[in-house]
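So that the names make sense, note that chain A is the first sequence line, chain B the second, and so on, each numbered from 1. This structure is a prediction, so every number in the text was calculated from the model and none was measured.
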Amino acid sequence: MDQGQGVRHLLPAGSRHRHRARPDRGSVGAVPGQRRHPPGGLYRRHGLRGGGVGGARVVDHDPASRRRDSHRHSRRSRPHRGRGHRRGGDRRDRDTGQSGGRMTIKVRFAPSPTGYLHVGGGRTALYNWLFARSQGGTVMLRGDDTDVARSTEAYAADIVNGLRWLGLDWDEGIDVGGPHGEYHQSRRLERYRQVAMDLVDAGRAYHGFETEEQLDTFRRQAQAEGLAPAYDGRHRLDSEEARRRLAAGEAAPIRFAVPRPGETRFDDAVKGDIGFGNTQIDDFVILRSDGSPTYHLASTVDDVDFGITHVIRGEDLLPSTPKHILLTEAMGATRAIYGHLSLLTGPDGSKLSKRHGHTALNAYRDDGYLPEAMANYLAILGWSPGEDEEIVPLADMVPRFSLDAVSRNPAVFDPTKLEWMNGVYLRQLHPAAFVARARPFVEATLDRELQPAEVDQIAAIAPFVQERAKRLDEVGPQVAFLLGDVTYDQVSWDKVMADPSVPVILARAMTALRTVEPWSASTVEAALRTMLEERGLSARKGLQPLRVAVTGSSISPPLFESMAVLGRESTLRRLTEAGKRLLDRWPTTDA
RNA sequence: GGCCCCGUCGUCCAGCGGCCCAGGACGCCGGCCUUUCAAGCCGGUAACGCGGGUUCGAAUCCCGUCGGGGCUACCA
């Protein structure tokens, strides 16, 4: 077999040590012997005690991990995660799982282009990136497009764009190329087939001729008996007969022969020690009867071939991790370190999905969220930079990131907090940058491009919009009054303009404003305040009608600045127009 | 059903056996500021799921229980 070929040279010397248990370091409370072998609980937790006929036998072909197993520890014995421990020179070792030497870590984003980039996918990518960058490792972007029917170019493009938008980059991958040449799984089909065939030759996999009924019956029965509904290969044909049926032209998928009994365990980089009894793992299909690879095969082969050292992914893949480990080791390769991130959920606690609102990252971009805010929020959702800080730009996160500081709890995606954070980032923007970022949104509101003079007008009012906006898509409506005719907001008009004092206020304001010289926010303010005083009006009462008349809404940027930017002529025209509307007793909207 | 993961304010995070009648942030409530809306500032509300055990001492360790979630395909 040649499966190992693609990997061997990618694994630096010393990498065999990486599975060693991370030492219990320095914690006052650690009671080593006891903690490492929790009384009784461990096996029960993994379901290997009850009726444990064969008992738990570790089937493990990797000497390094066998050594690891000899002082396996429960997740509770994970090294302390406190701030003090996260700093300093020992962090690298703990994160990489190695206890000596240096290993170049390599991670991958492996989205499948069967949909838009999901916020959860973005977060996973972000954590991968943060981890790699904080460790001086490399990042790869792979296209897991084995599902030909559902994969599209458009989705693939959306994923690349979304990742870039978030501020991530990668050293090799589908769009940038790299030393491995081809990063699309759909173009590596031959390789997967070869691996599958080699596995068959080695007796680690077989052509499965079981019928749907057989499988169905098996699962139903297992379930009825309270056993794992994991197909155990009982209908597997001997290779002689299988060969015969194949030769007769029958198509059959290739299944991996899971060694049973046995146990597959691993030290998850975020969850700690996890084990599965092999009876829980079915003889899963690795190559479909049409010759295409399943996710398990393609993904595992690629992780091996591309030298991925750390597989950091969503917790939904945790139950299939033993399959990947078994496959990897059957290929003669060294397994990667796996780290499973808990899922993002909706307010109801179930996996984030469309019914919870937007799940596509691009929807947030279109709603006027800043990528900086999005990245920050996503990072904070499940990880804490410490120091009670939450506003931490991506670049600052890098040196502070640590995988074992990642939370094991699922996190509710809270758009409200995202919005708050977006406002914080919006306010931090340089005014010119704010205008530049807001411009497309204003153009979208107007449905046309902005003239240079209009951009200048917006720039003049922008600081006042910036300090109150939470999203970029609020800017258009806020500044629209500057760019064309006013549109009166019905609710505002009804609420403010009905008062009998309004016509007089409008008239006096016009008189006051006609002589203002020069025309500026401060002179306008002085003139209007004088007018207010003469009429004995409060600012609250006297200014609102002017606001509605000039901006069309009772919600607007500050009035004096708005008038200043609008200009005397337009301001007076709008006050006149509003007055006319009142006289006509025609207080409707369609201006 | 089986397996796995998870359980601190409504939400996110901190907490690593005494510094905790639990801290920060969002939200919410109240106040200040104020030309609207915001922003800002000040204050308040609110949590260790439950039961045992270990210990002088438990949010922290152990066991159990309950609850939530994920997976359980020739999808990924």
Side-chain angles (χ1 to χ4, degrees), chain A residues 27-29 31 34-35 38-41 45-47 76 79-83 85 110-112 114 144 146-147 149-150 208 215 219 222-230 252-255 268 271 274-277 279-282 284-290 292 294-296 299 314-320 340 342-343 345 347 349-351 377 380-391 407-414 416-421 423 427 467-470 478 492 496 525 528-529 532 538-540 542-544 546-548 551 553-560:
Chain A
S27 93
V28 197
V31 186
Q34 195 187 345
R35 297 260 184 96
R45 279 178 64 212
H46 301 117
R76 288 176 185 82
H80 282 174
R81 299 148 55 103
R83 269 199 274 292
H85 294 274
S112 101
T114 53
D144 279 18
T146 49
D147 187 341
R150 294 198 295 145
L215 258 18
R219 290 182 187 125
Q223 218 172 90
E225 289 169 37
L227 300 171
I254 294 178
R255 289 180 179 275
D268 191 281
K271 304 271 189 188
I274 296 172
F276 292 83
T279 49
Q280 299 296 329
I281 310 164
D282 65 335
F284 55 104
V285 170
I286 57 176
L287 201 72
R288 301 190 187 95
S289 49
D290 66 359
S292 66
T294 60
Y295 165 77
H296 299 303
S299 159
E315 193 180 359
D316 48 345
L317 286 166
L318 199 148
S320 43
H340 291 92
S342 28
L343 268 15
T345 76
S350 69
K351 198 165 146 183
Y377 178 67
I380 290 304
L381 250 195
W383 172 68
S384 167
E387 314 291 342
D388 281 345
E389 275 182 88
E390 302 207 308
I391 303 291
S407 171
R408 293 186 285 254
N409 306 352
V412 175
F413 183 83
D414 177 12
T416 309
K417 187 160 183 176
L418 203 214
E419 199 168 58
W420 161 76
M421 191 170 275
R427 267 166 261 130
E467 69 185 23
R468 68 199 69 231
K470 285 186 169 161
Q478 289 264 308
S492 298
V496 175
E525 175 169 11
L528 289 178
R529 286 205 188 277
L532 250 31
S538 68
R540 184 175 292 272
L543 261 25
Q544 271 308 78
L546 304 183
R547 181 186 309 282
V548 172
T551 71
S553 169
S554 59
I555 298 174
S556 81
L559 183 61
F560 311 127

Novice: With A:Phe560, which residues qualify under ring-ring contact (aromatic ring centres under 6.0 Å, His included), at least two apart?
Specialist: none
Novice: For A:Tyr377, what residues pass the ring-ring contact (aromatic ring centres under 6.0 Å, His included) criterion, not counting sequence neighbours?
Specialist: A:Phe413
Novice: Could I get the full list of side-chain hydrogen bond (donor to acceptor under 3.5 Å, both in side chains) partners for A:Ser553, not counting sequence neighbours?
Specialist: none
Novice: Using a 4.0 Å heavy-atom cut-off, does A:Leu559 contact any base of the nucleic acid, only the sugar-phosphate backbone, or nothing at all?
Specialist: base
Novice: Which residues pass the side-chain hydrogen bond (donor to acceptor under 3.5 Å, both in side chains) test with A:Arg150, not counting sequence neighbours?
Specialist: A:Asp147
Novice: Which comes earlier along RNA chain B counting from the 5' end, the contact point of A:Pro111 or that of A:Ile555, where each point is its nearest nucleotide?
Specialist: A:Ile555
Novice: Base, sugar-phosphate or nothing for A:Ser554? Non-hydrogen atoms, less than 4.0 Å.
Specialist: base
Novice: By the 4.0 Å heavy-atom rule, please label A:Pro557 as base, sugar-phosphate, or nothing.
Specialist: base
Novice: Base, sugar-phosphate alone, or nothing: which one does A:Ser289 contact when heavy atoms must sit under 4.0 Å apart?
Specialist: base
Novice: How does protein contact run along nucleotides 39-47 of chain B, one letter per nucleotide 5' to 3', with B for base contact, S for sugar-phosphate only, - for none, heavy atoms under 4.0 Å?
Specialist: SS-------
Novice: Under 3.5 Å, is there any donor-acceptor pair linking the side chain of A:Arg540 to the base of B:U35?
Specialist: no
Novice: Output a table of nitrogen or oxygen pairs between the protein and nucleotides 9-12 of chain B separated by less than 3.5 Å.
Specialist:
| unit_1 | atom_1 | unit_2 | atom_2 | d |
| --- | --- | --- | --- | --- |
| B:C12 | OP1 | A:Val412 | N | 3.3 |
| B:C12 | O2' | A:Ile380 | O | 3.3 |

Novice: Just checking A:Ser556: base, sugar-phosphate only, or nothing, at a heavy-atom cut-off of under 4.0 Å?
Specialist: base
Novice: Just to be sure I understand the rule, does A:Ser492 reach a base, reach only the sugar-phosphate, or reach nothing, if contact means heavy atoms closer than 4.0 Å?
Specialist: nothing
Novice: Grab the CG-P distance between A:Asp282 and B:A73 for me, whole Å please.
Specialist: 7 Å
